[in-house]
Trainee: 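Here you go, one structure.
Because only heavy atoms are used, hydrogens play no part in the values below, and waters and symmetry mates are left out as well, while side chains stay in. Below, chains carry the letters A, B, ... as their sequence lines are ordered, and counting in each starts from 1.
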Amino acid sequence: MATLTIGVFSSLVGSMTLDFALKLAETAVNKGHKVNIWLSGNATAGIKNHQKHLKDYSTGEKHFRALLEKGVEVCTCEACTLARGINKPDAIEGVQWNAMHWYLAKIHTSDRVLHIGGE
Amino acid sequence: MATLTIGVFSSLVGSMTLDFALKLAETAVNKGHKVNIWLSGNATAGIKNHQKHLKDYSTGEKHFRALLEKGVEVCTCEACTLARGINKPDAIEGVQWNAMHWYLAKIHTSDRVLHIGGE
Amino acid sequence: MADTKLAFIVQRPQYKSENPKLGITHAIAYQTVEILLEDGETVTPALCFIGDGVLACLKDQKAMGNYEITSSEMHLKTALLVDLDVLVCKEDLERFGITEDKIVDAEDMGAEKKIQVVPFETIQKEMESAKHVLFF
Amino acid sequence: MADTKLAFIVQRPQYKSENPKLGITHAIAYQTVEILLEDGETVTPALCFIGDGVLACLKDQKAMGNYEITSSEMHLKTALLVDLDVLVCKEDLERFGITEDKIVDAEDMGAEKKIQVVPFETIQKEMESAKHVLFF
Amino acid sequence: MKLGVFVSDFRNTVDTLDRLKAEKLGIILVQNGVYHASIKENGKSSPLLEKSANLYALSEDLETRGLTGSSVDSRVKVINYSDLVDLIFNDYEKLAWL
Amino acid sequence: MKLGVFVSDFRNTVDTLDRLKAEKLGIILVQNGVYHASIKENGKSSPLLEKSANLYALSEDLETRGLTGSSVDSRVKVINYSDLVDLIFNDYEKLAWL
């Protein structure tokens, strides 16, 4: 068992890269690894609760909830999230809120880091 | 006086293209033109209310409110918005909710259309 | 009694940002636009695929099974069922070595319409005759 | 008593997606990470600009006046003030004809640190010696 | 057709602009597209500037990126948002954001 | 270093992959990056496949796009998510998403 931290950044909500990141996390957890997920920039919109799962759209909430139940630590960048009008009561329960140093601290204790940036 | 419809699509929230679109709309309105704005895909996240205006982040709410006051019609794609967990009470007041045909109907009566897509 | 002709041009591959998919679904929305228009007014989009956008037309996209989302193939079938003109650039298909048998159709759903493989010149003409052009 | 060395590589120009900006701000966050670490543990990022990313280093960015947002120039000044190693690729600057006098500094804010213009080889070595690499 | 094309990126992933034909073509450089107006690579200006088109760059977007007017290629007309609105309504019938 | 590089686009706007050096280099094609594994242009396969690297493509992403296993270039190993997790932990120390 090893630890993977995935950094999920801009442009992931509304792109299938978010689906990729969540599926990778799920697979790693199911194989017995520890996974941390850091959300920053636009990706923070993914932790909004009450997402309606329409099959025309990728949706994150169901997958985030499943990951949280399996012990994945998910943390959203507080400033990025508030800038989007998403406050703590609007977020999926169990998601942590912290500053950017949370990501660096998790990286410090991780065996592998997949930082997903891109446009 | 003429009519410009701006289509604001994926990847605009979290990018400065949203700032561009809003500033263009404001300038056109100030010059006496009629402007309609259609939000679809990821751009719909921009109509969330209570956005905290941090100077490190582009923010849309202040600009959307100013445009609405000036008579700009702003409409969000209902399905795209609900898929992101943003329901009607979470939205900036005065933003319309409709299906994709709203955009086509506005285009029908517009002199110019700037459809901003991209990645 | 005016018709507004539009050219929807999908130039990017599907499955990254939602944008190229929204090109298909917004074109399909022409079907219900009449409820917002005066009697006799219409909007007629042509849905055109060029460049890497033509990759959307490949058959057997298993997006639902793998990611629980509707495939672009399914959206294209719907487009054909609601009688949209769907044009795909011949030169780009040839460049990618994609033969016509690999292209989505909606025969299984009873659609008579087919995706039309046309030279880029035809798509250029669609842009010229359209009142507005929308690039995805 | 471990230090984790990281290489932050900004390869895209600023001012499109937020991502390249987040590269700078996340590197700056090293300054406060100690509150989450055991005593004596540290994280040390090197912030490197390559390719079109080097355009972030141009002086006199008027983002606040035009768009009410903090410029990348301001973020870079902060990075220098908190004593981050900021490296910019010499070959890319030369390719763009950007001379050192056009590059951001934080002298006006009293920073001693400067952006270091280095060959790509040095940035490659930063990646090799880092435990993890993060591309923006 | 009279077509105004918006270029908003420094690196394009589509080749559409190379194929489009228009009797009157305008290329409007906005966002990171303004780098085309000002940045040379190995001493050469962007191939985009070689096109038979009217070329414009948005002053606000040049300034934001630290690009000064004097660095802008002489083939490119620097415009502001107000000019852009006039251009949209007076000079081009159709607009394309690539 | 042992570096696993993720390529998620068909058209890249950065040239970083051409500059990076690694003793062990893996190129992992995911998302629209899988087109590199399967699509030829004018009969030629993607230049990416010429690199001295171990090449992988994600089966789920191939299938999603209607690309069949038989169309995948023989230099590319098709892997699934479970294989990818093993690759990340066992074969590459550092990961780069370009």
Trainee: Heavy atoms only, distances under 4.5 angstrom: which of A:Asn49, A:Thr81, A:Leu82 has the most pairs with chain B? Name it, please.
Mentor: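 Most pairs with chain B among the choices: A:Leu82.
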Trainee: If you count heavy atoms of other groups shown closer than 6.0 angstrom to NZ of B:Lys34, is the number above 12?
Mentor: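 More than 12 heavy atoms, drawn from other residues, nucleotides or ligands, come within 6.0 Å of this atom.
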Trainee: I need the A:Glu61 CD to B:Arg84 CZ distance, nearest 0.5 Å.
Mentor: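 Reported to 0.5 Å precision, the distance equals 13.5 Å.
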Trainee: Just wondering, are more than 12 heavy atoms of other shown residues or ligands nearer than 6.0 Å to NE2 in A:His50?
Mentor: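 12 or below, so no.
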Trainee: What residue in B:Leu54, B:Ile86, B:Asp56 has the most heavy-atom pairs under 4.5 Å with chain A?
Mentor: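 Sorted descending by pairs with chain A, the first entry is B:Leu54.
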Trainee: Do B:Asp90 and A:Lys48 have side chains that approach each other closer than 4.5 Å (heavy atoms only, starting at C-beta)?
Mentor: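 Yes, side chains in contact.
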Trainee: Does atom NZ (A:Lys23) have a neighbourhood of more than 12 heavy atoms from anything else shown, all under 6.0 Å?
Mentor: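 Correct, the count exceeds 12.
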Trainee: Is the number of heavy atoms from other residues, nucleotides or ligands within 6.0 Å of NZ (A:Lys55) greater than 12?
Mentor: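 Atom NZ in A:Lys55 is not crowded, with 12 or fewer foreign heavy atoms closer than 6.0 Å.
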